[in-house]
Amino acid sequence: MMNIDRATSRLLRACAVLLLAFTAMQPAVAAGYPDKPIRFICTSSAGSPLDAMMRQLGKQLGDELKQSVVVVNMPGGSGAVGMANAMNQPADGYTIVAATGTTSFMMAEGNAVYKPDDFMVIRGLQAEPSAIVVRRDSPYKSLAQLVDALRKTPDKVNVGGYAAAGFHQFVFYRFQQVAHFKTEWVPFQGGNQAAAALMGGSIDVAVMTPSSATGQIKNGDLRLLAISTPTRDRFFPDVPTFKEQGFDVVESIWRGVMVKSGTPPAVIATLSKAFDRIEATPEWQKFMQFNMQSPLHLDAEHMQAMFRSEVDSRREFLKSIGVVK
């Protein structure tokens with residue numbers, strides 16, 4: 001009996017020593033972060049608004065932390081492809097993946113692989129409305145004319161945007177509900193791809209963020225029929241809102257970054273402080289203004305709480321349209 005007690009005692013002491021050694025290592029690991037390149041995973045196609053944000057953020061984060069930041073595009077599955085890659089990497093802060101309002105929809109789906117607690121959204125950086133967009137030569141000069149066509153001949157009006165069962169389709173479904181029409185949705189892997197399809201005539205109407213086609217909108221090749229802000233948008237004061245045209249659709253999409261859960265708090269703190277400094281720079285603010293983005297200024301704690309709440313509310317919506325049982 002005495003031998004067992006002694007053996008147990010030695011084992012417990014050994015475990016305690018290992019635990020202390022592991023604990024002591026953590027500050028050293030965090031203190032050295034980052035000591036190798038950081039990889040940014042962008043979950044939409046190159047040239048998209050999300051891609052633009054990730055590349056600007058990556059450039060400035062590299063300057064702040066004195067380390068290379070490599071941006072890799074992994075579109076597909078409303079973000080699931082990039083998230084799967086991130087989940088296969090260590091939770092060490094060297095893999096940072098894009099997060100958006102579309103991520104909430106993907107997680108809200110009934111067969112979703114990931115849950116909000118699998119990742120931590122460490123910063124919300126941008127917010128932007130959706131809009132109904134047509135070509136310069138479109139026969140639809142107003143939202144009322146488009147609604148009339150969608151009610152009478154929905155099979156002759158092709159409508160599309162970024163992702164299936166994502167933010168822009170959610171906006172379009174809400175529009176359908178209040179405007180009393182039904183039609184199909186054509187998904188693309190980026191808002192810029194939807195804009196290109198619209199310009200090329202593959203679709204007649206796009207539901208997208210205005211930043212997906214900044215140049216074409218500014219030069220008049222594309223026209224906005226409605227925007228999903230509660231009041232007229234400061235960047236598009238001449239574009240009427242859905243609401244003022246009689247359709248109660250008020251929504252905005254957010255963009256930010258997240259890491260795999262389990263990432264050391266000290267690493268998250270290092271990144272958060274760097275993001276604080278970046279958002280305060282004239283370079284970042286100029287980028288936001290040029291791309292017609294509004295800031296969120298939400299830290300990890302508040303962003304994660306909003307993320308969980310949004311997943312729950314989106315799940316209810318998806319149930320209502322039959323995507324989730």
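For the single chain, residues carry numbers from 1 onward in sequence order. Everything quoted here is computed from the prediction, not taken from an experiment.
- The ring-ring contact (aromatic ring centres under 6.0 Å, His included) test applied to F181 returns F172, F175, not counting sequence neighbours.
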Checklist line | Step-by-step side chain to side chain donor-acceptor pair (under 3.5 Å) determination, Q176 to T183 | finding: CA-CA 8 Å; Q176 288 184 88; T183 191; over 6 Å; no
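- Side-chain atoms of Q56 and Q60 include a donor-acceptor pair closer than 3.5 Å.
- Residues N192 and A46 come closest through the heavy atom pair ND2-O, 3.0 Å.
- Residue pairs meeting the salt bridge (Lys or Arg N to Asp or Glu O under 4.0 Å) criterion with at least one member in residues 120-136, sequence neighbours excluded, are R123-D276, R123-E279, E128-R255, R135-D137, R136-D221.
- Taking the ring-ring contact (aromatic ring centres under 6.0 Å, His included) definition, one finds that F105 meets it with F170, sequence neighbours left out.
- Within the 4.5 Å cutoff, the side chain of Y173 has no heavy atoms near those of the V323 side chain.
- In this structure, the ring of F167 has its center no less than 6.0 angstrom from the ring center of Y162.
- Across every non-hydrogen atom of K182 and P154, the tightest pair is O-CB, 3.2 Å.
- With sequence neighbours excluded, no residue forms a side-chain hydrogen bond (donor to acceptor under 3.5 Å, both in side chains) with Q189.
- Applying the side-chain hydrogen bond (donor to acceptor under 3.5 Å, both in side chains) test to K66 and every residue at least two apart in sequence or in another chain returns nothing.
- Taking 4.5 Å as the limit, every side-chain heavy atom of Q177 sits out of range of all side-chain heavy atoms of V249.
- Listed by first then second residue, pairs satisfying salt bridge (Lys or Arg N to Asp or Glu O under 4.0 Å) with a partner in residues 280-302 read K59-E283, not counting sequence neighbours.
- Listed by first and then second residue, the salt bridge (Lys or Arg N to Asp or Glu O under 4.0 Å) pairs that reach into residues 84-108 come to none, sequence neighbours excluded.
- Other cluster members for M306: I41, V70, V72, M74, V81, M83, M87, V97, M106, M107, V113, Y114, F119, V121, W254, M258, L296, L298, M303, F307, V311, joined by side-chain heavy-atom distances under 4.5 Å among Ile, Leu, Val, Met, Phe, Trp and Tyr.
- Applying the ring pair (Phe, Tyr, Trp, His ring centres under 6.0 Å) rule to pairs touching residues 256-281 yields nothing, sequence neighbours excluded.
- Side-chain contact between V205 and V157: present, with at least one pair of heavy atoms (C-beta onward) separated by less than 4.5 Å.
- You'll find the side chain of V133 stays beyond 4.5 Å of the side chain of V207, heavy atoms only.
- Contact between S44 and N73 at its shortest, heavy atoms only, is O-ND2, 3.0 Å.
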In residues 235-243, what donor-acceptor pairs under 3.5 Å come from side-chain atoms, sequence neighbours left out?
residue : atom : partner : partner atom : Å
T241    : OG1  : K243    : N            : 3.4
T241    : OG1  : E244    : N            : 2.9

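- Closest of all the heavy-atom pairs between S78 and T102 is CB-CG2, 3.8 Å.
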Next item on the list: Go through D204 and K156 one step at a time and tell me if the salt bridge (Lys or Arg N to Asp or Glu O under 4.0 Å) criterion holds.
Entry: CA-CA 9 Å; D204 305 300; K156 293 184 179 179; over 6 Å; no
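- Under the 3.5 Å distance criterion, the side-chain polar atoms of D118 are matched with a main-chain donor or acceptor of K115.
- Between I132 and L224 there is no side-chain heavy-atom pair separated by less than 4.5 Å.
- Listed by first and then second residue, the salt bridge (Lys or Arg N to Asp or Glu O under 4.0 Å) pairs that reach into residues 36-55 are D51-R55, sequence neighbours excluded.
- Listed by first and then second residue, the side chain to side chain donor-acceptor pair (under 3.5 Å) pairs involving residues 257-269 amount to none (not counting sequence neighbours).
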Next item on the list: Could you give me the CA-CA distance, side-chain angles and deciding distance for D312 and R315, then say whether salt bridge (Lys or Arg N to Asp or Glu O under 4.0 Å) is met?
Entry: CA-CA 5 Å; D312 290 340; R315 184 175 292 116; 3.4 Å; yes
Next item on the list: Starting from the C-alpha separation in whole Å, work towards a yes-or-no answer on side chain to side chain donor-acceptor pair (under 3.5 Å) for T214 and S211.
Entry: CA-CA 5 Å; T214 305; S211 63; 5.4 Å; no
